[in-house]
Amino acid sequence: MNYIIREIKDNDFQQLMELYTHLHEKDIPEKDERVSAVWENIISDKNHHIIVAEYEGKIISSCVCVIIPNLTRNQRPYAFVENVVTHADYRGNGIATACLDYARDIAIKENCYKLMLLTGSKNENTLNFYRRAGYNSEDKTAFIQWLE
């Protein structure tokens with residue numbers, strides 16, 4: 001497959017929302033005033049990177065990498081990866097790995113001291129995918145508090 005890994009562009013909103021239906025979203029939100037404000041905030045934030053894989057003009061995979069400023073570790077930031085998704089028709093081709101590699105490159109360029117990722121999946125194939133991509137589940141324990 002000849003795909004391109006790049007950062008999101010303003011006009012990619014609709015395709016990204018369609019891809020997110022392969023993650024956990026059920027419906028594509030209407031791009032109303034509230035959604036547009038969130039989108040503009042993301043697009044204009046230099047620390048918020050939405051990475052996409054494009055194939056034949058279609059976004060088929062994505063992940064988010066957020067760089068978080070930090071006062072510890074010699075004031076080196078850290079990066080957080082979220083919303084890793086590949087369209088179901090394209091899984092198993094290394095495309096999400098390429099997106100994660102791009103996120104790692106951003107984190108290195110930004111002098112981050114670590115790159116973190118959380119997954120809600122208990123599927124061993126998914127967990128092994130993240131392990132093969134260089135992540136481990138031994139160094140830290142994650143706790144989540146869901147807010148309404």
Side-chain angles (χ1 to χ4, degrees), residues 1-26 28-29 35 37-55 57-148:
M1 286 186 79
N2 191 16
Y3 54 86
I4 299 165
I5 305 295
R6 62 173 175 82
E7 291 203 46
I8 198 103
K9 297 176 188 165
D10 187 48
N11 62 347
D12 291 328
F13 174 82
Q14 188 64 32
Q15 284 197 57
L16 182 66
M17 292 298 98
E18 289 169 10
L19 178 63
Y20 280 169
T21 64
H22 293 264
L23 183 61
H24 49 67
E25 299 300 317
K26 300 297 180 225
I28 298 171
V35 172
V38 172
W39 177 247
E40 290 304 316
N41 188 32
I42 290 169
I43 291 292
S44 64
D45 183 348
K46 70 178 184 67
N47 288 319
H48 199 135
H49 305 268
I50 299 180
I51 298 151
V52 297
E54 180 184 330
Y55 176 66
K58 180 179 178 182
I59 293 175
I60 59 170
S61 187
S62 181
C63 71
V64 173
C65 178
V66 179
I67 307 299
I68 303 167
N70 183 36
L71 289 171
T72 65
R73 304 282 182 154
N74 290 321
Q75 296 70 58
R76 291 178 66 193
Y78 55 94
F80 189 80
V81 171
E82 184 64 79
N83 295 338
V84 179
V85 60
T86 299
H87 188 289
D89 294 344
Y90 299 93
R91 292 179 183 159
N93 292 300
I95 303 166
T97 300
C99 288
L100 291 174
D101 289 347
Y102 195 101
R104 184 184 62 237
D105 291 345
I106 290 171
I108 290 168
K109 178 179 156 272
E110 295 296 328
N111 195 33
C112 293
Y113 78 94
K114 69 179 175 182
L115 183 59
M116 297 185 299
L117 178 147
L118 295 176
T119 182
S121 178
K122 306 296 184 216
N123 182 304
E124 200 59 36
N125 290 332
T126 301
L127 301 178
N128 285 332
F129 161 73
Y130 289 126
R131 289 181 187 111
R132 285 190 308 274
Y135 294 85
N136 76 69
S137 57
E138 289 80 41
D139 291 348
K140 297 269 185 175
T141 302
F143 292 88
I144 296 175
Q145 184 179 82
W146 296 101
L147 307 174
E148 290 192 40

(request) For His49, enumerate each residue passing the ring pair (Phe, Tyr, Trp, His ring centres under 6.0 Å) test, keeping only those at least two apart in sequence or located in another chain. (result)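 With neighbours one apart ignored, the set is empty.
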
(message) Going by the rule ring pair (Phe, Tyr, Trp, His ring centres under 6.0 Å), which residues pair with Phe13 if we only count those two or more places apart in sequence or in a different chain?
(response) Trp39

(request) For Leu71, look at atom CG and say whether over 12 heavy atoms of other residues, nucleotides or ligands are found less than 6.0 Å away. (result)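 Count not over threshold, so no.
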
(request) Look at atom NZ of Lys114 and say whether more than 12 heavy atoms of other residues, nucleotides or ligands are closer to it than 6.0 Å. (result) yes

(request) Using a strict cut-off of less than 4.0 Å between a Lys/Arg side-chain nitrogen and an Asp/Glu carboxylate oxygen, indicate whether Asp12 and Arg6 qualify as a salt bridge. (result) yes

(message) For Glu138, is there an ion pair with Arg131 - N to carboxylate O distance below 4.0 angstrom?
(response)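 So Arg131 does not pair with Glu138 through a salt bridge.
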
Taking atom [atom1] of [X] and atom [atom2] of [Y], what is their separation to the nearest 0.5 Å?
| X | Y | atom1 | atom2 | answer |
| --- | --- | --- | --- | --- |
| Asn136 | Tyr130 | CG | OH | 14.5 Å |
| Ile60 | Asn93 | CD1 | CG | 7.5 Å |
| Ile42 | Ile50 | CD1 | CD1 | 5.0 Å |
| Ile4 | Asn2 | CD1 | CG | 7.0 Å |
| Ile106 | Asn47 | CD1 | CG | 10.5 Å |
| Glu7 | Ile43 | CD | CD1 | 9.0 Å |

Do [X] and [Y] come close enough that some side-chain heavy atom pair is under 4.5 Å?
| X | Y | answer |
| --- | --- | --- |
| Lys109 | Asp105 | no |
| Val52 | Cys99 | no |
| Ile28 | Gln14 | yes |
| Val81 | Tyr135 | yes |
| Phe129 | Leu100 | yes |

Taking [X] for the side chain and [Y] for the main chain, is one N or O donor matched with an acceptor at less than 3.5 Å?
| X | Y | value |
| --- | --- | --- |
| Thr21 | Lys26 | no |
| Gln15 | Gly57 | yes |
| Asn123 | Asn125 | yes |

Minimum heavy-atom separation for [X] and [Y], please, with both atom names.
| X | Y | value |
| --- | --- | --- |
| Arg76 | Asn111 | NE-O, 3.0 Å |
| Ala79 | Cys65 | CB-SG, 4.0 Å |
| Ile95 | Ser61 | CG2-CB, 3.4 Å |
| Cys63 | Val84 | CB-CG2, 3.9 Å |

(request) Could you tell me which residues satisfy side chain to side chain donor-acceptor pair (under 3.5 Å) with Arg91, sequence neighbours excluded, listed by chain and number? (result)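 Listed in chain order: nothing, the list is empty.
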
(request) May I have the step-by-step check of side-chain contact (heavy atoms from CB on, under 4.5 Å) for Lys122 and Leu127, ending in yes or no? (result) CA-CA 7 Å; Lys122 306 296 184 216; Leu127 301 178; 5.6 Å; no

(message) Below 30° counts as parallel, above 60° as perpendicular, anything between as tilted: where do the rings of Tyr113 and Tyr78 land?
(response)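 Correct class here is perpendicular.
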
(request) Check the pair Thr86, His22 against side-chain contact (heavy atoms from CB on, under 4.5 Å), reporting the backbone distance first and the verdict last. (result) CA-CA 7 Å; Thr86 299; His22 293 264; over 6 Å; no

